[in-house]
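The structure appears right after this line, and notes come after that.
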There are 2 protein chains.
Amino acid sequence: MAGQSEPGRGRVTIRTVAADAGVSVAAVSKVMRNAYGVSESLRQRVEASIEKLGYRPSVAARGMRGQTYTLGVLLVDIENPFLPSIYQGIEEMTEARGYKIMVGVGKAHERREAQLIEQMIDNRMDGLILVASQIPGAVMDRYARQIPTVVVGHHEPQADSFDTINSDDRQGARLAVQAFVERGHRDIAMLAMEWDARHEADVSPQREAGYLAAMAEFGLAGRARILRVPSSEKPHADDLRRILAMPDRPRAIFCWSDLDAVPLRNLAWQMGLRVPEDLAIIGYDNNPVAALPMIGLASIDQDGPRMGRLAAEALLSRIAGRRQAEHVLVPPSLVLRGSV
Amino acid sequence: MAGQSEPGRGRVTIRTVAADAGVSVAAVSKVMRNAYGVSESLRQRVEASIEKLGYRPSVAARGMRGQTYTLGVLLVDIENPFLPSIYQGIEEMTEARGYKIMVGVGKAHERREAQLIEQMIDNRMDGLILVASQIPGAVMDRYARQIPTVVVGHHEPQADSFDTINSDDRQGARLAVQAFVERGHRDIAMLAMEWDARHEADVSPQREAGYLAAMAEFGLAGRARILRVPSSEKPHADDLRRILAMPDRPRAIFCWSDLDAVPLRNLAWQMGLRVPEDLAIIGYDNNPVAALPMIGLASIDQDGPRMGRLAAEALLSRIAGRRQAEHVLVPPSLVLRGSV
DNA sequence: ACCGAGATGTAGAATGTTCTACGTAGAACG
DNA sequence: CGTTCTACGTAGAACATTCTACATCTCGGT
């Protein structure tokens, strides 16, 4: 019922172009795809007609047989200011190669993410990049058999149906612990998300493992403490407050994400704690908010743009035919700020 | 070249379902679309087969004739934390009605936005929502004739080919000026974006007009001052610093967006200015960062979710056949915080 | 003059839906 | 009992591409 002014009679299709250029439909198709077997003169003629008529191929029709030259990017969440940096990297890489991107927002909800993936398959996207998806590995595997897939921010090093690009989350945690230790801290806790076995591949458990390993490495195994807050659904300000009010409040906290580190730092301020004197904090993601001078939150930087570029490269090579899975770990770095 | 395991032979199409249920292809199509003329018994039979086979219609094939039940949402920018709230509203409304959403990110770049719109038309989206687009009205008009369109955050009250949903930006500016006046301020400046005639319909010029009108209303016409920073491309920290260092620095600043108000507030802090004693600030958008206790930035709230819902409703009714354009203004409100 | 190989171009099937037009059976009506 | 509706289904064209043969041309070599 969505009929607009022109009932469709006006639409310029590949047929219109072919007629105008005086060649076959197949010839125009070849030109569009840079396919083999088109002479320079033919190409020029066809391109002139395309230009003249303003022809644009229908992605829908393309999708029925060949490629759509469109990639799907699934973001966990649109509110985390760290994610756009990954997106930038993806885009930079794919745009140059003539691919378009469609974004889906999963809102950290597994059911929803699955729907979006199916929708992208239905839309005949050429490939998929899942960023920090909540979907369990087994399910990912099933989808990945239907469509070339690269996963970012989800550790599944043994997967063979898709590639993974990750920050070296264990190393990131180690950097944080080391920075605390070098500044004389011994009472170093970690603030982590609650998780169950289904989410073992998520980043938070990896950072936990790294934290515990680093504490042991620095001879502080006995002092390791993991404080938990409910998974990333909104309201855990109260949990954070409770943590800061504990009689044995730690002197330094490594926080699994700036998503919690920023509120934590704000609560500390509200409760009159001096940062870093009473409480030192290091977050994760180097979220732009952490960089604001008034917040001044030290954080582990994952180099989002680079992860994005790597993911895009992996996807394109997979689309080009690669079958062997690739698993990349990107080294993180620590950005020091006032909170340590 | 993207071939996955199953060469396609395995794909379950509408034909598979029809065969399984022992009915015609057209019958299955009717069931999928809830179209007229299908008996209860037939519907049940078909639905059982769909369930059993896990059939999912191909959006590509659908797009070739009918609707795709997919809407395109074009966001200026993925880094502005205010935009997700509009997105939530859009989604809430459309999801319930069985529509899917694809997001495009324009990065405040006109050429890019135009490409994305064309891409969405190519993908046969049923309709488009443009959020804070940079595209001039005349160009929008051309696109809007090809596809049902609703525009958010772009004032074009005379447009007849598309609908607009906006915050009442003039009223928002008035609220800010009024709040300052009530607190005894008279030296009230506005921080605005540079703009040219092409962007008169953007929100910043509207807020300027509202500021000037309000200053006049409160008898301060002679004291109105508009300070300009380069358009939203990144680096204007230096411009902000210069403004704060002016000998005749204003005592109160109404800022066109939290995008600039947050850095401004941070710079003031860095330069040792007391807020609000030395400088009071009100921003616009009620960006989540403004709400952080340490930032405490008063801001005009646009009720993003509501604008999103209204935009979605307008689009759906337009898809359903409405031709007459609608132009809605949503009243803003002031959220008071420490910066005033 | 003939042949074979490569390069260039074309016809037409295939893709998975929707939509138009039409057929058929049973009910309601005179 | 014939006629006319109405409700339910179906056949097949249409949609805009790509892709798989296949046909035709051009040359250089015999």
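Protein chains get the first letters and strands the later ones, always in sequence-line order, with residue 1 at the start of each. Worth knowing before you read on, the calculation uses all heavy atoms, side chains too, and leaves out hydrogens, waters and symmetry mates.
Residues B:L130 and B:V150 are not in side-chain contact: their nearest non-hydrogen atoms beyond the backbone lie 4.5 Å or more apart. Annotation: side chain of A:N123 is not in contact with side chain of A:I121 (no heavy-atom distance under 4.5 Å).
Closest approach to the B:Y55 side chain among C:dG16, C:dT17, D:dT18 is made by C:dT17 (side chain taken as heavy atoms from C-beta onward). For B:R65, whose side chain is taken as the heavy atoms from C-beta onward, the closest listed nucleotide among C:dT18, C:dG16, C:dA13 is C:dT18. The B:S29 side chain lies nearest to C:dT18 when the options are C:dT18, C:dG16, D:dT18. The side chain of A:S58 lies closest to D:dT17, out of D:dC15, D:dT17, D:dC19.
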Identify each atom pair where a protein N or O and an N or O of nucleotides 9-12 of chain D are less than 3.5 Å apart, giving names and distance.
{"residue": "D:dG9", "atom": "OP1", "partner": "B:S39", "partner atom": "OG", "Å": "2.7"}
{"residue": "D:dG9", "atom": "OP2", "partner": "B:S39", "partner atom": "N", "Å": "2.9"}
{"residue": "D:dG9", "atom": "OP2", "partner": "B:S39", "partner atom": "OG", "Å": "3.0"}
{"residue": "D:dG9", "atom": "N7", "partner": "B:K30", "partner atom": "NZ", "Å": "3.2"}
{"residue": "D:dT10", "atom": "OP2", "partner": "B:S24", "partner atom": "N", "Å": "3.2"}
{"residue": "D:dT10", "atom": "OP2", "partner": "B:S24", "partner atom": "OG", "Å": "3.0"}

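B:D20 pairs with exactly one of B:R15, B:R45, B:K52 by the side-chain hydrogen bond (donor to acceptor under 3.5 Å, both in side chains) rule, that one being B:K52.
With 3.5 Å as the limit, one finds a donor-acceptor pair spanning the side chains of B:Q44 and B:E40. Between the side chains of B:H327 and B:T164, at least one donor N or O sits under 3.5 Å from an acceptor N or O. Neither side chain, A:S58 nor A:R62, offers a donor N or O lying under 3.5 Å from an acceptor on the other.
Between the P atom of D:dA16 and the CG atom of B:D122 lies a distance of 13 Å, rounded to the nearest Å. In this entry the distance linking CD of A:Q44 with P of C:dG9 reads 12 Å, nearest Å. If you take CD1 of B:I121 and P of D:dA16, they are 15 Å apart, rounded to a whole angstrom. With rounding to whole Å, A:I14 atom CD1 is found 11 Å from D:dA16 atom P. Atom CE in A:M64 sits about 12 Å away from atom C1' in C:dA13, given to the nearest Å. If you measure from atom CZ of A:R33 to atom C1' of D:dC19, you get 7 Å, rounded to the nearest angstrom. Put simply, CZ on A:R11 is 18 Å from P on D:dA14, counting in whole angstrom units. Per the geometry, CG belonging to B:N123 stands 15 Å off P belonging to D:dA16, to the nearest Å.
Distance alone, capped at 3.5 Å, places no donor-acceptor pair between the A:S85 side chain and the A:L83 backbone.
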